[in-house]
2 protein chains.
Amino acid sequence: MLTKEQLETLWAEADEIYLNNISIDCVVFGFHEGVMKVLMLKSNNEDAWLLPGGFVRKLEPIDVSANRILKERTGLDEIFLKQFHVFGDPDRTKLHNEMYRDMLPAKKNFFDRRFISIGYYALVDFVNANPTPDVFSEVCTWQDINDLPPFQLDHELIFKTALDTLRLQLNYQPIGYNLMPREFTMPELQKLYETILGKKLDRRNFQRRMLGFGILNKLEETRKGGAHKAPYLYEFNLEHYQAALDGGLSGGW
Amino acid sequence: MLTKEQLETLWAEADEIYLNNISIDCVVFGFHEGVMKVLMLKSNNEDAWLLPGGFVRKLEPIDVSANRILKERTGLDEIFLKQFHVFGDPDRTKLHNEMYRDMLPAKKNFFDRRFISIGYYALVDFVNANPTPDVFSEVCTWQDINDLPPFQLDHELIFKTALDTLRLQLNYQPIGYNLMPREFTMPELQKLYETILGKKLDRRNFQRRMLGFGILNKLEETRKGGAHKAPYLYEFNLEHYQAALDGGLSGGW
DNA sequence: TACAATTGTGTACCAATTACACCTTTAATA
DNA sequence: TATTAAAGGTGTAATTGGTACACAATTGTA
């Protein structure tokens, strides 16, 4: 829990360096061992979780803000980021503000304001990310998207909207490339698609179709270890992938 | 051209009732006689055109702001509106601000600020709209999208992004319904699709496919007048259309 | 060495899209 | 009133793409 002194310092800084009514919230996706994850923060005071977020510096392009915010939460640079929706309901931060309302005079409190939040989704390499809490939170960690804790504010809406966006953009954005490790097997990639689409796909048709796009390089090695036939490893052919995405991968799922 | 007095009044009001760093810009599409149009404003001082825009009241949901702004420009209520992108470059309004910069002290001038603009596209019934200029402009009129005048600021980017969005959402949003008049012929609808997609479609396949969706009601009447066979009139079956859009119309164009 | 589990490949079938041909209707005109 | 040009309406064959399977191959383990 922040003390009154800490909050006053934060407020003074925030008011000076950030735009006053704009925030950014990020839905950071990672994929690990066949499971899709979202990065979330548990705030000091409540038993509910938040998406990582922050504010826009007065002279900073918003994409740069989002990158800066996520670098602080993950340690990663050059994250794949896309804005996807603006959440502009005047009441959206009501509950959250009430938490700190009594600690500072309303007129002076930067945080007791209406924030119009720009939603970004981010795709990061799970293994290289290093989740780090911010001053308002005690925990920053990955959560399985099939087993999410309770959200604060409208962050559940933001998360769901991001996931819907991912689904719609699967044929237009390099989602596979940014979520998979450099080398992966076909079943692993299929798992990602199934998670995003929320449905099972036929193993054999998935493989044939994916190879048909010509966006994968088949590697010599296989993934040994399982008590079964070892699957081949693949990597994305980034050049072909980008070209194919320009027109959108054909067909639906 | 606004006088200094008028500008001071505007500023005083604006600072009081609007959020300080957020604006809304709208790309309003209309369709008339086989041609796609955009609503544009010619400002008092420059020989360049702007998209209709405005600001967000301090306690107003942003969708309501966009509706309010467009009601002032078109006289229409309940316009079909979707936010599609945020334009957040800190320099995006630079040129525009310079126009009024010398007229008011910088610190006090509401308009001499950074504005992060939320882009909305709107689809309106051309014949019922009544274009009306705002205080900053002398003309408000429809422009043919194939013959556009020079834009101010980043409004060309905003327009192009909107058109791209329209193309991508053609199978997911009731774009035909909101741009066509209540009754229309198949060739007229095809023209709309060709305009949005930027390519010719086969007349016969278009008709069969469109009818196959089951989203049109065929009417008894035909459109007489041309020196040719009179085409049938159709109207959208709104119920079926909505249902079909839920899963997205199948296939690509 | 046999087995269970999983991956790799092939094929027949069905649905959707494409590329056409041909007929019908309208108004202008001879 | 018959003819004609221009456009709309309908049908079909060929092609493509997606779906639903069957079956063979490979791996570690029992």
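Throughout, protein chains are lettered first and strands after them, A, B, ... in sequence-line order, and every chain is numbered starting at 1.
For the pair R209(A) CZ and dG10(C) P, the computed distance is 20 Å after rounding to whole Å. With rounding to whole Å, K229(A) atom NZ is found 5 Å from dT7(C) atom C1'. Atom P of nucleotide dG8(C) and atom CG of L211(A) are separated by 9 Å, given to the nearest angstrom. Put simply, NZ on K218(A) is 10 Å from C1' on dT7(C), counting in whole angstrom units.
Only R203(B), R204(B), Q207(B), listed by number, bring a heavy atom of residues 190-207 of chain B to less than 4.0 angstrom from any atom of DNA chain D.
Every residue two or more places apart in sequence or in another chain was checked for a salt bridge (charged side-chain N to carboxylate O under 4.0 Å, His left out) with K224(A), and none qualifies. Here R203(A) pairs with nothing under the side-chain hydrogen bond (donor to acceptor under 3.5 Å, both in side chains) rule; sequence neighbours left out. Contacts of P149(B) classified as side-chain contact (heavy atoms from CB on, under 4.5 Å), with partners at least two apart in sequence or in another chain: M40(B), W49(B), Q143(B). Here S65(B) pairs with I24(B), V56(B), E60(B), R68(B) under the side-chain contact (heavy atoms from CB on, under 4.5 Å) rule; sequence neighbours left out. By the salt bridge (charged side-chain N to carboxylate O under 4.0 Å, His left out) test, D89(A) pairs with no residue at all, sequence neighbours left out. For S117(A), the side-chain contact (heavy atoms from CB on, under 4.5 Å) test picks out S23(A), D25(A), R92(A), with sequence neighbours left out. Every residue two or more places apart in sequence or in another chain that forms a side-chain contact (heavy atoms from CB on, under 4.5 Å) with S137(A) is listed here: L41(A), P133(A), D134(A).
Applying the side-chain hydrogen bond (donor to acceptor under 3.5 Å, both in side chains) test to every pair with at least one member in residues 238-251 of chain A, sequence neighbours left out, gives these pairs: N237(A)-H240(A). Residue pairs meeting the side-chain hydrogen bond (donor to acceptor under 3.5 Å, both in side chains) criterion with at least one member in residues 157-168 of chain A, sequence neighbours excluded: E156(A)-K160(A), D164(A)-R167(A).
Bracketed by its first and final contacts, the part of DNA chain D lying under 4.0 Å from non-hydrogen atoms of chain B reaches from dA6(D) to dT12(D) in 5' to 3' order.
Projected onto DNA chain C by closest heavy-atom contact, S250(B) and H228(B) fall at different nucleotides, the more 5' of which corresponds to S250(B).
Between F184(A) and F236(A), the ring centre distance stays below 6.0 Å.
The 12-atom threshold is exceeded at NZ of K37(A), counting heavy atoms of other residues, nucleotides or ligands nearer than 6.0 Å.
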Which atom pairs link the protein and nucleotides 28-30 of chain C when you take only N or O atoms and keep those under 3.5 Å?
none

